[in-house]
Amino acid sequence: MAELTSLRNIGKEMEKKLKAVDISTAEELKKTGSENAFVRLKLHYPNVCLVHLQTLEGAISDTDYNQLPSDVKERLKNFSDNLK
């Protein structure tokens with residue numbers, strides 16, 4: 001099982017937050033998906049924002065979060081906006 005920090009964009013602070021919502025490995029994050037993981041984080045940490053969602057998506061797709069394709073960024077923004 002790969003550590004969360006082995007994924008692109010995932011540092012110690014994000015790893016700590018993910019573990020707090022029962023996502024402890026890279027495989028678990030990939031299985032959960034960025035949107036579901038974000039919802040879990042949002043319930044536990046209300047201040048997480050769109051950048052966190054982009055970070056999760058980038059980790060899963062092995063892409064720097066700021067290099068995600070514009071259509072993916074737009075989809076994630078819509079998802080985040082609809083949670084409010």
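Excluded from the calculations below are hydrogen atoms, water molecules and symmetry mates; all remaining heavy atoms, backbone and side chain alike, are included.
Closest approach of Ala37 and Leu56 over heavy atoms only: CB-CD1, 4.1 Å. The two residues Ala26 and Glu3 come nearest to each other via the heavy atoms CB-O, 3.9 Å.
For the atom pair Ile23 CD1 and Leu4 CG, the distance stands at 8.0 Å (nearest 0.5 Å). Between the CG atom of Asn66 and the CG atom of Asn9 there is a distance of 8.0 Å, given to the nearest 0.5 Å. With rounding to the nearest 0.5 Å, the separation of CD in Gln54 from CD in Gln67 is 11.5 Å. The NE2 atom of His52 sits 8.0 Å away from atom CD of Glu13, with the distance rounded to the nearest 0.5 Å.
Contact annotation: the side chain of Leu41 approaches that of Met14 to within less than 4.5 Å [non-hydrogen atoms, C-beta and beyond]. Side-chain contact between Lys30 and Thr25 is absent, with no heavy-atom pair separated by less than 4.5 Å. Contact check for Lys42 versus Leu53: no side-chain heavy atoms found under the 4.5 Å cut-off. Taking the side chain as every heavy atom from C-beta outward, Phe38 and Leu76 never approach each other to under 4.5 Å. Looking at Leu18 and Ile10, their side chains come closer than 4.5 Å, going by heavy atoms from C-beta outward. For the pair Asp22 and Arg40, the minimum side-chain heavy-atom distance is below 4.5 Å. Inter-residue side-chain proximity for Val21 and Leu43 is flagged as unmet; no heavy-atom pair is nearer than 4.5 Å.
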(request) Verify salt bridge (charged side-chain N to carboxylate O under 4.0 Å, His left out) between Glu28 and Lys31, making sure each step is shown before the conclusion. (result) CA-CA 5 Å; Glu28 287 175 351; Lys31 182 179 176 185; over 6 Å; no
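Side-chain atoms of Lys16 do not come within 3.5 Å of backbone N or O of Gly11 as any donor-acceptor pair. No donor-acceptor pair closer than 3.5 Å links the side chain of Lys77 to the backbone N or O of Leu50. Between the side chain of Asp62 and the backbone N or O of Arg8 there is no donor-acceptor pair closer than 3.5 Å.
Under the 4.5 Å side-chain heavy-atom criterion for grouping Ile, Leu, Val, Met, Phe, Trp and Tyr, Ile60 is not connected to Val51 through any hydrophobic cluster. Hydrophobic cluster membership differs between Tyr65 and Tyr45, with clusters built from Ile, Leu, Val, Met, Phe, Trp and Tyr side chains linked at under 4.5 angstrom.
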